[in-house]
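Scroll down for the structure; my scribbles are underneath it.
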Amino acid sequence: MGHGNYSHAAHQAMLADRAALSANEIFAQRGCHALMDPRGLKARESRDSADHPNSMPIVFALDVTGSMGAIPRQLATRDLPNFMKLLQACSIQDPQLLFMAVGDATSDRAPLQVGQFESTAELMDQWLTWSYLEEGGGGTGSESYELVFYTLAQHTDLDSWSKRKKRGYLFMTGDELPYPAVARHQVSALLGEVLDEDIPVEEVIAAAAETYHLFFLIPDLQRRRRCEARWRELLGDNVICMESPDDTCAVAAAIVGLTEGALANLDAVANTMKSQGIAADRVSATVRALKPYATRLDPDAVRRMHLVGGAGAPARAPWWRRLFG
Amino acid sequence: MPGQARWRLVVCPYCRSSVTRNAELVHAAAFHDALLRRRSQAQGVAPTVALGDRRFRVLGRLGGGESAEVYLADELGCAAQLVVLKVARDATGSTLNPEWHVLQSLQAIETAGSAYFSQRLPQPVAIGSVVDQDGSHRQALVLRCAHGTWGSLADVMALNPAGVDARHAVWMWRRVLQLLAFVHGNGWAHGALSPDHLLVEPRDHGIQIIGWSRAARSTPDSRARDLVQSAWSVRAVLAGGDPTGGVGTQVPAQIGALLQRVSEDARWCRSQDASTLDAALLQAAHAAFGPPRFMNFDPAPDQRRH
């Protein structure tokens, strides 16, 4: 998969008539599309080709439960061309996008949907809009995010990794917790394969992290409060707390740019976004959301913090200390 | 062969080999091995501190309080993240427990503004004991790194002996008052609001309040004390190395008068709250400097020049 060339103009034209459409009209599936049904899935392949000699696999795993429907719609009506444009501005060559949809395997009809890696606007858009926005979720406080990690670890094959030892990217959107383990009965029911034991979520994340940079994007600060702590235990600074779901694509593109070294720091992120016509308030919000991750990548970040040499308290207390008892 | 061999690996009772009848069986052990590989990457990195299963590489000392030393550290392993390690000086006891519980309570607040303000308060990650170099166990509190912060107002003062510009002092005090309004409004008081406990974010003109070991449920007196201490902190950063702590002639009169009254009249502060003082400060700043506008703040101007 991944043949053909990307045209930003063609992509924009495709989306031009969609602004007035409702989510139900854009996402017309009323059940899992047969080609996104993971049952019997062997592998989704991201391959190099003559047109794309340096394929860069990027996976968007979109939470399609009731509370998270805004992001797929924004992607389909407005943001996906902007994401591709930002990647181009960062000189990221040959991106190949795969869309997945995730829900709750304890209650939903289609809790896992898997597209294909694609390079052209038409095919990216096709898989995105073939996603079934079930808007379910079981009210358990958890969704089946762990199945995404399992699928990527077990059922994707990346030339970027096998030929160049370059990991792909997973951007998973969500506002709930993962279940503690990949349940073997769910793998059997959804993928049709036999798993000998349940797999703790920490282990399935470790397996997926061998070939992907894993990121969990929380859509706003209010929703970060119910899931951030657990996700940080699992993914550390790769949990990105956004201020608005509107920032999803800018955040994802900036992460790729920062990680690949195309953007040196957050100033470069801001400048690139501004040059692409992104509104100043969204630039600021994106930069704020990326601060923890960018700090990790920046070799000078720790130096810029005011570290104190030596041990113990200063020999002579400053004058103002007596005021604070 | 046991029947379970149809769907999982079983150990053969004769040769002790792991066997299965299902040629397409997915082995969970392969995922476990991935986790072990990931964890092994953290081995051999020194110096490290272990807290339960978690390992941290200490990057430097951030400071020290009356009961603990504070370090910047990198959590190693799968969930790599920058954290702050607060290690108790006392080898016995549980001196960090109160702070852990207060921070958890503050982070659990669900009221208007909590999504914003909870980011300006320390986020507790874990608590446990670490082994010191001499083999003794010390209690340690792990906090999420306050990203974007440069250092404390005490550090700013040390590097700005002539004091900071009054316009910077205005935004610093406003951020403190806004945070205090949230904290007081939800029934807590800090109790030790000194320049050591105010971290500055130069880029966003933000302030984070740390050092919550003396925090307690608020009373009119404790709220007033926080307000008084916030004003003294700002006076200190305005005065820099001036041991009189004077407001100074460069501070506009209206702002200076407000600072002086809040810092010296605790009884009056009992009748005020942080929001009211913030509004008064905004008004005074507007009268002195005009509408708010962003000014770049360099906490270490002399260091930058060298």
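Order of the sequence lines fixes the chain letters, A, B, ..., with proteins taken first and strands second; residue numbering starts at 1 for each chain. Side chains included, hydrogens not; waters and symmetry mates left out as well; all remaining heavy atoms used.
The contact between A/Glu193 and chain B is made entirely by side chain atoms (from C-beta outward), counting heavy-atom distances below 4.5 Å. Only the backbone of A/Leu235 comes within contact range of chain B, with heavy atoms under 4.5 Å apart. Contact of B/Ile109 with chain A is made through the backbone alone, with heavy-atom distances under 4.5 Å. If you measure heavy-atom distances from A/Gln222 to chain B, the contacts under 4.5 Å come from both the backbone and the side chain. For A/Ala229, no part lies under 4.5 angstrom from a heavy atom of chain B. Using a 4.5 Å cut-off between heavy atoms, A/Arg288 contacts chain B through its side chain alone, with no backbone atom that close. Contacts between A/Asp198 and chain B at a heavy-atom distance below 4.5 Å involve the backbone alone (N, CA, C, O). For a residue to count as touching a neighbouring chain, one of its non-hydrogen atoms must lie under 4.5 Å from one of that chain's; by this rule A/Val182 does not touch chain B. Of the two parts of A/Glu228, only the side chain, counted from C-beta on, holds a non-hydrogen atom closer than 4.5 Å to a non-hydrogen atom of chain B. Looking at A/Leu266, both its backbone and its side chain come within 4.5 Å of chain B, counting heavy atoms on both sides. The parts of B/Ser114 that come within reach of chain A are both its backbone and its side chain, each placing non-hydrogen atoms under 4.5 angstrom from that chain. For a residue to count as touching a neighbouring chain, one of its non-hydrogen atoms must lie under 4.5 Å from one of that chain's; by this rule B/Ala108 touches chain A with the backbone only. Looking at B/Asp204, the atoms closer than 4.5 Å to chain A (heavy atoms on both sides) all sit in the side chain, from C-beta outward.
Other residues, nucleotides and ligands contribute only 12 or fewer heavy atoms inside 6.0 Å of the NZ atom of A/Lys42. More than 12 heavy atoms of other shown residues, nucleotides or ligands fall within 6.0 angstrom of atom NZ in A/Lys291.
Interatomic distance, CD of A/Glu203 versus CG of B/Leu36, reported as 7.5 Å (0.5 Å rounding). Going from atom CG of A/Asp237 over to atom CZ of B/Arg144 covers 5.0 Å, rounded to the nearest 0.5 Å. In this structure, the separation between CD on B/Glu110 and CZ on A/Arg226 is 9.5 Å, given to the nearest 0.5 Å. The structure places CD of B/Gln123 at 7.0 Å from CZ of A/Arg232, a figure rounded to the nearest 0.5 Å.
In plain terms, the two heavy atoms of B/Arg203 and A/Val287 that are nearest each other are NH2-CG1, 3.9 Å. Closest approach of B/Ser118 and A/Arg225 over heavy atoms only: OG-NE, 3.7 Å. A/Gly236 and B/Gln81 make their closest contact through CA-CB, 3.9 Å (heavy atoms, listed as atom of the first residue, atom of the second, distance).
Residues A/Leu221 and B/Gln119 have side chains in contact (heavy-atom distance under 4.5 Å, counting atoms from C-beta outward). The shortest side-chain heavy-atom distance between A/Val187 and B/Val26 does not fall under the 4.5 Å cut-off.
Chain A forms more heavy-atom pairs under 4.5 Å with one residue of B/Ala79, B/Cys145, B/Ala34 than with any other, namely B/Ala79.
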